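Next up is a structure, given as structure tokens.
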Amino acid sequence: MSNYHIKNLEEYFQVYRKSVRDPKTFWDEIGQEHFIWHRKWDRVLSADFKSASVKWYEGAKLNITENCIDRHLRTKGNQTAIIFEPNDPNENAVHISYNELHERVCKFANVLKSQGIQKGDRVCIYLPMIPELAVAILACARIGAIHSVVFAGFSSTALSTRINDSECKIVITADGSYRGAKTIDLKSIVDDALEDCPSVKSVLVVQRINSKISMKVNRDQWLQPLLDIASPDCPPEIMDAEDPLFILYTSGSTGKPKGMVHTTAGYMVYTAFTFKNAFQYRDKDIYWCTADIGWITGHSYIVYGPLANGATTVLFEGVPSYPDFGRFWQIVDKHKVNQFYTAPTAIRALAKQNLAFAEKCDLSSLKVLGSVGEPINEEAWHWYNDNIGRNNSPIIDTWWQTETGGIMISPIPYVTPTKPTYATLPMPGVQPALMDDNGKELVGNQVEGRLCIKFPWPGMARTIWGNHDRYRETYFSAYENMYFTGDGALRDEVGYYRITGRVDDVIIVSGHNLGTAPIEDAVNEHPAVAESAIVGFPHDIKGSALYGFVSLKETGMGRDHENLKKEINQIITEHVGPIAKLDKIQFTSALPKTRSGKIMRRILRKIACNDVANLGDTSTLLNPEVVEEIKSNSL
Ligand code: WTA
């Protein structure tokens, strides 16, 4: 990748033009550099967006853990690969060198083998942010098992849905997790989930909080005793370029979550390339991404991208508010972090606190500040720039998705002049297009439309687990020969992109993608509820929050509405997770519907956003009178 460690804007445009003119040669050259291949590819790319079939580096053979670990042992064996910063600042941080990581991954991989796990098997990982999470992921990749990490904030129902969808054979979890001042009983969530998961034969349990938990005979085992007797020698399983590496679930606008499948070679090359360039990572830098590994940001930019570059990556167990709101800045100071990557929701929450929290810390090590997950508003951008970057560290507003595998649009720090709220320019190899409502591409600058990508890139997901039709339909059917992102964007007068937000029924709350359909399904489970519609409304910390319009089976007279609201949120917590709780619940006599029976969410969205002056044409509604009622009772 050294050829493409981009140094100035002119070089960026040169590289970019080359990547568009001849993408195959471009990615061929990047693939040649640095990586260990057991066999070179026969074809760089074969792709057909019509059938949603994309293959990169076909014919190549490799193992990603050799590239993320073994490759560095000779030169960086004693360098720290992972710095583990525990939830409690009084517990010592742990530095895991590349040598140690190698040993831990090999041992863990051998434990998986001893449990009968083989290449192609699915392994569910439901762990807090502790080193075992990264090690478990890499152990799967070592033996060619497909990991499916489920964010440990998801409920038991959400967990079992994901386990069943990909028929995982084994679950790796912990006795519990620390989260600020709280502890969370992860194992009992797993126990509940597994009531309903016939494919799971065994459970490995990491001891983290030393709580008393129940262990099911013939199913559950503590991990440590198995590691103690495991061999530290585990030769990597040699994989085909297009063998699946992992499944990661993301919300869709409708129905059940989509198990996005990422494959081995393209994902590796893309995360390695984008990590190096988007963060301008240099040897010996300390890099910290605050995301949870349960999300794509953690997969690509805590684990795979940094380790593929031989970087030192910080893994933080806790939350920004514990023991106080200075924690992030204390960690930057303590470990002398050079690149810091977080989400707008965290920035907004921290910007509300006393500035002294940041001022007390030495933040001079910082060179690059990243933002990801949702649009960053102008106020948060300036606060981040002025008070954390101290006008000295460029902000990279990185736009990408679970589906894209890696960063797609982002400034290159010290190369691309930044502009608040703009993700600016595409990474080399990425060809964005803006489309109008009639399916025509908007050419030129100063246009706004739906964001698509017109050419494949190596990091893109290849399918949805078990449902290729849904993959094709969701991403490749809206516009011919284009990948459709589900986001809206504009291009300004110099060609910079600004992402304006989702154009579908996905709502991003505190950086988490939430589909409205599964939350509505949960609400509708309440015996008193007839139906519900959930929309987003602006929230000054979460970015968006959820507003539920709920109609009851009986008019609800005599019911305690406050209690009902609590019960509804409780059901959501059980079915989806606490992150999906509704901030506002309005009971209505009915929901506005079209004559064909579809709920008119457009109107509800406007009411939730207090934008009632212009509701558009309501005359086509089946029940226009209900709009007045909802408007006058809105919260
Ligand atoms: C949104 C997270 C504006 C967008 C990596 C996208 C952003 C969705 C940005 C994907 C950004 C992500 N500016 N919006 N810099 N980054 N998004 O799959 O709507 O969790 O489609 O991947 O987050 O979320 P996901």
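Order of listing sets the numbers, starting from 1, for every ligand and every atom in it. Predicted model only: the values in this text are computed from it and were never measured. Nothing fancy with the numbering, it's 1 onward along the sequence.
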| query | Does an N or O from Thr402, backbone or side chain, lie closer than 3.5 Å to an N or O of ligand 1? | reply | yes

| atom 13 (N) of ligand 1: the protein heavy-atom neighbour that sits closest, reported with distance to 0.1 Å | Glu374 O, 3.3 Å

| Purely on distance, is any nitrogen or oxygen of Thr297 under 3.5 Å from one on ligand 1? | no

| message | I'd like to know whether the aromatic ring centres of Phe340 and Trp329 sit less than 6.0 Å apart in this structure. | response | yes

| message | Any nitrogen or oxygen of Thr398, side chain or backbone, less than 3.5 Å from one on ligand 1? | response | yes

| field | Stacked cation flag Arg450 on Phe484, 6.0 angstrom / 45 deg | value | no

| query | Taking the six-membered ring of Phe537 as reference, does the NZ or CZ atom of Lys584 fall below 6.0 Å from its centre and within a 45° cone about the axis? | reply | yes

| said: side chain to side chain donor-acceptor pair (under 3.5 Å), that's the test. Do Asn513 and Trp295 meet it? Break it down for me. | reply: CA-CA 10 Å; Asn513 287 12; Trp295 309 114; over 6 Å; no

| said: Considering non-hydrogen atoms of the protein only, which is the closest contact for atom 8 (C) of ligand 1, and what is the distance? | reply: Ile508 CD1, 3.8 Å

| What do you reckon, are the aromatic ring centroids of His299 and Phe246 less than 6.0 Å apart? | yes

| Looking only at distance, does Gly373 have an N or O less than 3.5 Å from an N or O of ligand 1? | yes

| task | Kindly assign one of parallel, tilted or perpendicular to the pair Phe49 and Phe476, based on the angle between their ring planes and the thresholds 30° and 60°. | result | tilted

| message | Check the orientation of Trp288 and Phe328. Use parallel for under 30°, tilted for 30 to 60°, and perpendicular for over 60°. | response | perpendicular

| task | Give the numbers and elements of all ligand 1 atoms closer than 4.0 Å to a heavy atom of Val372. | result | 5 (C)

| message | Tell me the protein heavy atom at minimum distance from atom 24 (O) of ligand 1, and give that distance in Å. | response | Asn513 ND2, 3.1 Å

| field | contact_flag Trp399 ligand 1 heavy-atom lt 4.0 Å | value | yes

| query | Is the Phe279 to Tyr287 ring centre distance short of 6.0 Å? | reply | yes

| request: With heavy atoms of Asp397 as the reference, note each atom of ligand 1 found under 4.0 Å away. | output: 11 (C), 13 (N), 15 (N)

| note | closest protein heavy atom to atom 6 (C) of ligand 1 is Asp487 OD2, 3.1 Å

